[in-house]
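Side-chain atoms are counted along with the backbone in the values below, which use heavy atoms only and exclude waters and symmetry mates.
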Number of protein chains: 2
Amino acid sequence: MSGIHLNDREPTMREVAALAGVSLKTVSRVINQEAGVSSELNERVQNAVRQLNYQPNTTASNLRRADQRTATIGLILDDVSNPFSSVLHRAIEDVASQHRTLVFAGSSGDDPKREEELILALAARRVDGLITVPASRASGELKQLQRLGKPVVFVDRLATIHTADSVTVDNRAGGSAAVRHLAAHGHQRIAFLGDIHDLWTAAERYLGYVEGLAMAGLRLDPSLVRQDVRNMETAEQAVLELLARENAPSALFTAQNLITIGAIHALQRMGRQHQMALIGFDDFLLADLLDPRVSVIAQDPARLGRLAAELLFARLGGDTRPTQQIVLPTRLIARGSGEIPIT
Amino acid sequence: MSGIHLNDREPTMREVAALAGVSLKTVSRVINQEAGVSSELNERVQNAVRQLNYQPNTTASNLRRADQRTATIGLILDDVSNPFSSVLHRAIEDVASQHRTLVFAGSSGDDPKREEELILALAARRVDGLITVPASRASGELKQLQRLGKPVVFVDRLATIHTADSVTVDNRAGGSAAVRHLAAHGHQRIAFLGDIHDLWTAAERYLGYVEGLAMAGLRLDPSLVRQDVRNMETAEQAVLELLARENAPSALFTAQNLITIGAIHALQRMGRQHQMALIGFDDFLLADLLDPRVSVIAQDPARLGRLAAELLFARLGGDTRPTQQIVLPTRLIARGSGEIPIT
DNA sequence: TGATAGAATGACAACGTTGTCATTGACTAA
DNA sequence: TTAGTCAATGACAACGTTGTCATTCTATCA
């Protein structure tokens, strides 16, 4: 047998009405549970619905509806398969489902082009609102967002637009704390490995790194800074290079979850995991089972997602308060790798 | 300033037409890049579109369109934040984006009720097709799926419906191989820890476990079987209990990624990770950096997702070949934990 | 009894778009 | 010149639903 194929056409309210012997509008009333339908007609319509296997067509409904609601929101992440992003996604979905809303999820891959495509595609489908981890900070995308004319919430990262709510963590304080923690254990040569420098989080964490160095009275050595590290593999490569230098760092601050994991690969490959101190930004599964256990600046992605979604649905519910810029604290979890003293 | 709010109404083709001084239909032709519009009118319409910031309304478009396509598919996973699921998701998204299609992603939480809600919500939005990791195998959901009247592809798990394509891995062979591998290292008391027993994958892997024991000539001891292990925490608890038994197992076969991680937590907590052999089903990030390195039955979730999406889009493209039941092999990756000999 | 209120139901238009078909006008061939 | 062809354009209906308003019917009150 071949795959399930399209019906000629799905049953419509009109057909239900005909079968039940009532008007189209009465069927509409029953489907939408409006008051003022006699229980007899109600019954007849329900039966016809069951008999025909009628399924409401939200698409047609929301075309006509006054509020223009599609019960659909858009979510643009950098990568749905990144552990951080996917936890964010799940938290948002949970809030959305309480509002009987479905979520379009897409990965921008941190590519402004793809991001814009996604925004346009979501706009064309008339999502009620958008939650996004913005890839670009430029105003080109800002215009696109505003064209949407729908509530927008930034999560995890900010963009240069002040007419939107946002939920982020204090990346700078986190980065600074990581560096000072390492300095407190005697490290003076602390390397920084960060994501694409144009990303807001990467930039903020770098700023935190610089501030932390300054607060600890340490000199910033540009040769210990590796920006635009895109993934685990390049992170591993970058750390291998740092280790091979004649004037190698004694500690690493890896400013993103996959970069941290790449760095650990490099350290273990060279058998240096017990000499080189390491603090990663963002906690990850199994960080507490590695040897040494990995110290991190932890965020709570589930909370970020939940708050972002709640902000969005508050707007959809008519909330017109001034835009909120929620900033959550980070938490340094000392597990061992960040407490390796200088040798 | 308060959050971005809804425009009174978004510009329509009618307004564009008025501004450009052409008919509605001509605007439609320009937007859809149909042939037969003079370059002069084309120009005028394009200008009007820009001027008004017109955004096409796919929702209205596909209501009228003959093919009834929404350029939207549904994806139901057990949990979008599970590492396995999220990689699957990303692979599907990548294929979908090549077809200019957006993906509705939802988590069933392996709850048939929630799964059915999602199916209905997707049906109401008239998705072009559905890819699902089915939670329930019963026909109640089967009917719902068929009501959709749209192509459905099962991925990772099967359900009792033979009119759909599917992409799965050979769970039974994988489970069997894991057990025989452990047996070959001298283990006779091999425990099984699996997900909800009603899930197709969990059942198949258990079957593989039983077959593997039989092939190795080992006796099945029901007291070494823990089914319905729902998450990391219960897995950890279950392993702790197994370790405390007077007749404890000498090896574990953990039949799902999070169960494996929970088990590792328990083993490390008790300091038994170097005595107790362990093979997990499904590979995971950092498995190769733990001590001992974790042996696994690896699948390729990205490939599963890609194939599933390609099957779906083939159907949408008119492919009417018999349904395909693709079964991919698994691969045993021996890293150490599965090769710990019996003491 | 007749007037009136109120509840139940339905007719019809409209949402923003595309499919169908008619109309216009320019160009070609006999 | 005239018939015929073809390309460009537009008028109109339709997709499946909901909002508005009119109509019908029953119950209630003076």
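- Between the R114(B) side chain and the S108(B) main chain, no donor and acceptor come within less than 3.5 Å of each other.
- Taking atom NZ of K25(A) as the reference point, atom C1' of dA13(C) lies 12 Å away to the nearest angstrom.
- Expressed to the nearest 0.5 Å, how far CD1 of I92(B) lies from OG of S81(A) amounts to 12.0 Å.
- In this structure, OG in S39(B) is found 7.5 Å from CG in N42(B), a value given to the nearest 0.5 Å.
- Atoms CZ (R65(A)) and C1' (dG16(C)) sit 17 Å apart, rounded to a whole Å.
- Comparing atom distances between the L41(A) side chain and each of dT9(C), dG16(C), dT9(D) picks out dT9(C) as nearest.
- Rounded to whole angstrom, the span from the CE atom of M13(A) across to the P atom of dA14(D) amounts to 20 Å.
- Across the interface with DNA chain C, nearest-nucleotide mapping of Y54(B) and R29(B) shows Y54(B) to be the residue nearer the 5′ end.
- Look at CG on L63(B): it is 11 Å from P on dT17(C), rounded to the nearest Å.
- Distance, L24(A) CG to dT17(D) C1': 7 Å, rounded to whole Å.
- Taking 4.0 angstrom as the limit, T59(B) places none of its side-chain polar atoms (N or O) nearer than this to OP1 or OP2 of dG16(C).
- Distances shown here put every side-chain N or O of R64(A) at or beyond 4.0 Å from the OP1 or OP2 atom of dA14(C).
- Note on S28(B): a base of the nucleic acid sits closer than 4.0 angstrom, heavy atoms only.
- For dG10(C), the OP1/OP2 oxygens have a side-chain nitrogen or oxygen of S23(A) closer than 4.0 Å.
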